[in-house]
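Reading through the C-alpha cells given below for one structure.
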Amino acid sequence: MAVNYDTTFVDRMPQNCAVQFLDRVEMNPSAEAFRFPGAEGEEWQSRTWRQTGDEVRRLAAGLLALGLDAEQRVGIASGTNYEWILADLAIMCAGGATTTVYPSTGGPDTAYILGDSESRYVFAEDESQLVKLRDHRAELPAIEKVVVFDAAAADGDWAISLEDLAKLGDELLAATPDAVDEHAKAIRSDQLSTLIYTSGTTGKPKGVRTLHRAWVFEGEAIKAQDILHEDDLEFRWLPLAHAFGKVLLSAQMACGFAAAIDGRVDKIVDNLAIVKPTFMGAAPRIFEKAYARIITMQQAEGGLKEKIFERAFAVGIKYDKAVRAGSVSPLLKLERGLFDRLVFSKVRERFGGRVRFFISGSAALNAEIAEWFHAAGILILEGYGMTENAAGACVNHPDDYKMGTVGPAIPGTEVRIGENGEVQLRGPHIMAGYHNLPEASAEAFTEDGWLRTGDKGELDSEGFLRITGRIKELFKTSGGKYIAPPAIEAKFKAICPYVSQFMVFGAERNFVSALITLDPDAIGDWAKEHGLASASYTDLARNPKVNEMIGEYVDELNAQLNRWETIKKWELLDHDLTIESGELTPSLKVKRAVVENNNRQLIDGFYGG
C-alpha cells in the first residue's frame, strides 16, 4: 500500500538553493561531500563540506566582483566533474542563474543557447569548449568573461582560470567578508535558478526556466521520503547539464550524503568497483548494457557454468514472484540461498557490492530487465519526470515499489490522467515557462494550470503511475491498429543482448518494420567466439551469420506480440546511434524523427516505395 508522507516540510524548506547548500556546510563541515579522480595514476581526491563551501564562496565572490547581478545567466559548458559542481553552486550563491550546455553540443547550438539565454559569463571545461566560444564570439557579444577549468587554456584576458576568478573573490571578501552570505539570503524562492535547454528530439532546444523553490523542493521531498541518508555514497556520472543529474545535487544538499563524481561513461563499471557506492542514478541504456554484457559473458563461458547461471536466474525470478504472492516454499528459499552464494553475490560485486538500489530515469526501463536485476538482489527503482518539472515527478520507494511502474507522485505534488490518457502534473516543482517563448509556455499548461507532459499513462488504485508511451510516438497502421513503439522496443532489448537500439516504424503502413543497431561491445565478444575478431562493425552488420542470429531473436519477439504488432521486415544499420551523429540526445534518448529521416529510403523500401 502506498505510504502517506508528511508534506508539511513544504512550509519549512530553505528559502533557496544557496541557503540550502550553505546550511549543509554548517551542519556537516567535516563530513565528506565529494570525491573525484586525481590526475592520471593518482588516488581519488576528497573534499569535505567545509572545503567545498570555502571554494564555492571564493568563486561566488569572484562572480560578484565581475559584476554579476541577480538572475543573470552564467553558462557551464562542461562534462560531469567536480569543477562543474563548484561553478553551479557559485553561480547560485551569487544570485545568478546557471545555463547548461552539454560538452557534446556543437558550436552553432552552443552559440544559440548562450545567445538565447543572454549569458554574460561562461564556465568552460577545456580548450575544446573554449574553441567553440571563440569561433562564435561575434554572435555572443554579451559574454564578458570565460572561466576555464583547465588553467592551461586560459589567456588571462577574455578567458581566465578558476584560480583567477577565486583571487578576484578573495579581494572582494577581504573588503566585505559577508558578501556571499548576504547575497544568498536575499535570493527569493521564485527567483530563476537554472535555464536547462531541453535537448529535444526535433527543432531548436527550449530553455526551461526552473526556480529556486523547484530544486529546493525536489531535494526536500526526497529527504521527506527517508530514501537517502548522510551515510550513503552516490556515484554520479550523469550529465549535470541534464535535469536528472541536477536533481541528484539537490537531493545531496537536502540529505547530506557524499557523491563520487566522474562523467566518463566508459569508466562507470571500473569506478563502481573502486568507489563501492550505495546508490546511483542512471538512464535505462546503462542497465541494458550491463545486462547484455553479463549475459553474453556467461554464454561465452558455456558448459556447466552457463547452465548454473541460467538456473540461478530462473530460480531467482520464481522466488521473487513467490515473495510477491506471499507464499515461498522452504525448498525454493534454500535453492535461492544457494544460488545467491554461487551466482548473485558475484553479479552484485560487479557493481561494488554495496548498492542498496539504483534509480532509473529519463526513459522507460524494461520490466523484464528490472526483474532480472532484482532476482540477483539488485533493486532498480524507476522514477519519472522531465526537465519542465525539475526532473522528479514520481519515484518508487525501496520499501514500497511496483515493478513496471514509476511509483506514486513525490510528496507535496499531484499527478492526474487528462484527456487522451495524458499524464499531467502540479506542484512546487513545475517550471515558470520556456525562456523567450510565451506561446510555447502557454501551450505547455492546461486551462486549469496543470503541466502537460505529452506522455500517456495510467494510475492504479494506490496511485502508482505506469507510463505507456509518448502520445506523439503512438501510431496507427493503415489497417487501423494502434502501435506503441516503446513497449515493443523495450521487449526486444530484454530478449536480445546483442542490440543497442531497436526502432519500430509503420505509421499509416500496412505492417510494422524495424531498424536495428548492434551493441559494439556485445557483438564484438560474439565475433571473437565465431572467428570474426578482426571484422569491423559494418562487416558484422552485413554478415549473414549475424543477420541470421538477430533474425532468430526477432522471431522470438514476434511470438510474444499481437499479430498486427509483429515485425515483418527489418534491417541492421551499418552504424550504432551516437550523440555525435545527432541521432541520440545527450541523455541517450533516440531522436526517432532524425533516424527515420536519415533512413527514409531504406524504410520506404520495406514497403515497396
Side-chain angles (χ1 to χ4, degrees), residues 16-17 70-75 91-92 95-102 105 109 111-120 142 187-218 241-244 246-247 250 362 384-394 409-410 412-457 470-473 585-587 589 591 593:
N16 56 60
C17 299
E71 296 187 281
Q72 285 185 334
R73 270 70 68 197
V74 181
I91 294 164
M92 289 193 293
T98 299
T99 298
T100 64
V101 182
Y102 291 98
T105 302
D109 280 345
Y112 169 78
I113 289 169
L114 296 175
D116 184 68
S117 64
E118 302 158 280
S119 293
R120 281 184 65 192
I187 299 168
R188 305 184 315 276
S189 63
D190 64 350
Q191 199 162 304
L192 182 66
S193 167
T194 313
L195 259 185
I196 297 182
Y197 279 75
T198 56
S199 46
T201 53
T202 59
K204 284 285 188 187
K206 297 193 292 284
V208 178
R209 295 176 61 85
T210 48
L211 308 180
H212 276 266
R213 70 160 173 257
W215 295 116
V216 170
F217 169 80
E218 285 283 340
H242 188 270
F244 193 0
K246 174 75 176 175
V247 80
S250 297
S362 89
Y384 167 76
M386 53 200 301
T387 308
E388 286 82 348
N389 73 271
C394 299
I410 62 173
T413 72
E414 299 172 273
V415 59
R416 75 179 184 187
I417 305 300
E419 192 177 353
N420 298 321
E422 182 183 41
V423 178
Q424 297 174 354
L425 309 171
R426 186 165 68 176
H429 55 342
I430 304 300
M431 69 170 180
Y434 296 113
H435 192 62
N436 293 333
L437 296 170
E439 290 183 10
S441 298
E443 290 170 4
F445 292 89
T446 63
E447 290 185 4
D448 56 348
W450 290 66
L451 177 69
R452 300 180 186 275
T453 66
D455 289 310
K456 197 174 179 69
R470 289 289 292 170
I471 291 173
K472 289 181 180 179
E473 287 182 352
T585 71
S587 56
K589 293 178 186 174
K591 293 187 178 182

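None of the values given here were measured: they were computed from a predicted structure.
- No side-chain N or O of Y197 forms a donor-acceptor pair with one of D109 less than 3.5 Å apart.
- Of all heavy-atom pairs between M386 and R452, the closest is CE-O, 4.4 Å.
- Between R73 and E118, the shortest heavy-atom contact is NH2-OE1, 3.3 Å.
- T194 places no side-chain N or O within 3.5 Å of a backbone atom of T98 that could act as its donor or acceptor partner.
- Of the candidates T198, T210, I430, T198 is the only one forming a side chain to side chain contact (heavy atoms under 4.5 Å, CB included) with E388.
- Side-chain contact between Y384 and V415 is absent, with no heavy-atom pair separated by less than 4.5 Å.
- Here the closest non-hydrogen pair linking P428 and G412 is CD-O, 3.5 Å.
- The line from CG of D448 to CZ of R416 is 4.0 Å long, rounded to the nearest 0.5 Å.
- Rounding to the nearest 0.5 angstrom, the gap separating the CZ atom in R470 from the NZ atom in K456 is 12.5 Å.
- Atom CG of D190 sits about 6.5 Å away from atom CG of L211, to the nearest 0.5 Å.
- Closest approach of A393 to L425, counting heavy atoms only: CB-CD1, 3.8 Å.
- Inter-residue side-chain proximity for D455 and I471 is flagged as unmet; no heavy-atom pair is nearer than 4.5 Å.
- Nearest heavy atom pair, residue S193 against residue W215, reads OG-CD1, 3.5 Å.
- A distance of 12.5 Å separates CD of E218 from CZ of R213, quoted to the nearest 0.5 Å.
- Atom OG1 of residue T413 and atom CG of residue L451 lie 11.5 Å apart, to the nearest 0.5 angstrom.
- No option in L437, L195, T99, N436 other than N436 meets the side chain to side chain contact (heavy atoms under 4.5 Å, CB included) test with D116.
- Side-chain atoms of M431 and F445, non-hydrogen and from C-beta on, do get closer than 4.5 Å to each other.
- Atom CG of N16 and atom CD of Q191 lie 8.0 Å apart (nearest 0.5 Å).
- At least one side-chain heavy atom of I113 sits under 4.5 Å from a side-chain heavy atom of P205.
- Closest approach of G392 to H429, counting heavy atoms only: O-CD2, 3.1 Å.
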